[in-house]
Amino acid sequence: MDLYSLLRPLLFRMDPEKAHDLAFAIGERICEWPKLPDADIPKELHRTVFGLDFPSPIGLAAGLDKGARLLPLWKSMGFGSVEIGTVTPRPQPGNPKPRLFRLPEEGLILNRMGFNSEGAEVVAARLKHRPDGLIVGGNLGKNKETPEELALEDYRAAYRLIAPLVDYSVLNVSSPNTPGLRNLQAPEALKPLLEGMLALREEMGLGGQPLLLKIAPDLHESDLDAIVDVAVACGIDGLIATNTTLDRGIVSEARRARVEAWGAGGLSGVGLRPKAREVQRRILARLDGRMPLVACGGIGTGAQVRESLADGAALVQVYSALIFAGPGLLRTLHQSMTGS
Ligand SMILES: Cc1cc2nc3c(=O)[nH]c(=O)nc-3n(C[C@H](O)[C@H](O)[C@H](O)COP(=O)(O)O)c2cc1C
């Protein structure tokens, strides 16, 4: 029996955020071990995307390790990449608690964390000690009090501190928990944002570093097409789809009232998969190979990873499945992908 099987019943009886904090406290102790075991990732799973070498196509999605606190642990679990953040330029507390809820019966999570962030300076200091052999992405956002018209300045401020210390950067314009953030997905707002960030990347001599955009699953088809067109025209390097959904229709009818009583927030996990996959397939068709797509949203089995890669995604990311399955998830997924 592994440590997580013992801990899981305790963690799932606790308030979700307290369980998160406890798991992170334990994780930090584990990261202090001088020699964490290396994950055994089958060699055939290696792939090169954006010119970067990913030991596995499966990455940890943004939002779990917002402050880059457990990088050696994720590496040891077998993640090929970890997206830290969302990091905001200045520290901010996020929304009042409670802001994190679990529905284990359906493998769903609702969150309205609202970018709780230690701020880019603190996170950058930690990234200076990142482990080798793990691809690290920096997911960036704006502070809550920054007005929409000044959003670019926030993304630039966070980028200046984080980008030199990571392998790729992501502009998160798709969290539902920062008022107005998703408006940045509108083509007339997106174009100046992308152009402004690409100009900064050049200025900083980071021209070779991939810049990605993470988008929501709740867009109308025509808006989705427009975003893809702007991304391609501006010349960013890739897309991540999707973030959490506002759609309560992904919860079974029997449990919908319970979830609605939790209030505002984005849903992730098993039920998000069909919706996210539909969005991913539409993007892939529109992209027609012009840039890589990272598939995220409700992925939790080896078959789903294979399906997404067969759809044409270059990489996949998981978050909710790890909460429900625990640290053995990556070994299970890798075994199922290689038939070993
Ligand atoms: C508690 C929680 C916090 C999250 N925070 C962020 C975040 O800060 N930035 C971000 O881009 N995505 C964030 N996400 C979204 C995930 O990265 C991912 O896009 C989403 O959960 C769908 O994947 P999943 O179904 O595998 O969880 C968060 C998700 C959860 C559950």
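Just the heavy atoms: all of them, side chains too, but no hydrogens, waters or symmetry mates, feed the values below. Order of appearance sets the numbers: ligands from 1, and atoms from 1 within every ligand.
Side-chain N/O atoms of S56 and H46 include no donor and acceptor closer than 3.5 Å. Under the 3.5 Å distance criterion, with hydrogens and angles disregarded, no donor-acceptor pair is assigned to the side chains of T338 and E44. Between the side chains of Q280 and D311, not a single donor N or O lies within less than 3.5 Å of an accepting N or O. Residues S308 and R273 bring a donor and an acceptor atom of their side chains to less than 3.5 Å of each other.
No N or O atom of T244 sits closer than 3.5 Å to an N or O atom of ligand 1. Among the atoms of L272, none of the N or O lies under 3.5 angstrom from an N or O of ligand 1. Considering backbone and side-chain N/O atoms, K214 comes within less than 3.5 Å of an N/O atom of ligand 1. In terms of N/O distances under 3.5 Å, ligand 1 is approached by N172. Ligand 1 has a nitrogen or oxygen under 3.5 angstrom from a nitrogen or oxygen of S320. Considering backbone and side-chain N/O of L100, none are found under 3.5 Å from N/O of ligand 1.
Heavy-atom separations between G297 and ligand 1 include at least one value shorter than 4.0 Å.
Less than 4.0 angstrom separates some heavy atom of T86 from each of these atoms of ligand 1: 7 (C), 8 (O), 9 (N), 10 (C), 11 (O). Atoms of ligand 1 found under 4.0 Å from any heavy atom of C296, numbered from 1 in the order shown, are 18 (C), 19 (O), 22 (C), 23 (O). Residue A61 has at least one heavy-atom neighbour below 4.0 Å for each of these atoms of ligand 1: 17 (O). Counting the atoms of ligand 1 from 1 in the order shown, those under 4.0 Å from a heavy atom of G269 are 25 (O). Interface of G298 with ligand 1, defined as ligand atoms under 4.0 Å from a residue heavy atom, comprises 24 (P), 25 (O), 26 (O). Remark: ligand 1 atoms within the under-4.0 Å shell around heavy atoms of N139 are 10 (C), 11 (O).
Sparse packing is recorded around CD of E278, with 12 or fewer heavy atoms of other residues, nucleotides or ligands lying under 6.0 Å away.
The closest protein non-hydrogen atom to atom 26 (O) of ligand 1 is Y319 N, 3.1 Å. Closest protein heavy atom to atom 6 (C) of ligand 1: G63 CA, 3.4 Å. When hydrogens are left out, the protein atom nearest atom 14 (N) of ligand 1 is A62 O, 3.4 Å; that is the closest non-hydrogen contact. Looking only at heavy atoms of the protein, atom 15 (C) of ligand 1 is closest to N243 OD1, 3.4 Å. Of the protein's non-hydrogen atoms, the one nearest atom 8 (O) of ligand 1 is K66 NZ, 2.9 Å. For atom 21 (O) of ligand 1, the closest heavy atom belonging to the protein is S268 CB, 3.2 Å.
Using a distance-only test at 3.5 Å, with no hydrogens or angles considered, a donor-acceptor pair links the side chain of R47 to the main chain of A314. One N or O on the side chain of E106 and one on the backbone of S252 form a donor-acceptor pair closer than 3.5 Å. R13 places no side-chain N or O within 3.5 Å of a backbone atom of L11 that could act as its donor or acceptor partner.
In this structure, R201 fails the cation-pi test against Y159, since its NZ or CZ atom is not both closer than 6.0 Å to the six-membered ring centre and inside 45 degrees of the ring normal.
For atom 2 (C) of ligand 1, the nearest non-hydrogen atom from the set N111, I109, L140 comes from N111.
Nearest heavy atoms, P187 versus V230: CB-CG2, 3.9 Å.
With a 4.0 Å cut-off on non-hydrogen atoms, T242 touches ligand 1 through its backbone and not its side chain.
In terms of the salt bridge (Lys or Arg N to Asp or Glu O under 4.0 Å) criterion, residue partners of K275 (sequence neighbours excluded) are, by chain and number, D218, D247. In this structure R160 satisfies the salt bridge (Lys or Arg N to Asp or Glu O under 4.0 Å) test with no other residue, sequence neighbours excluded.
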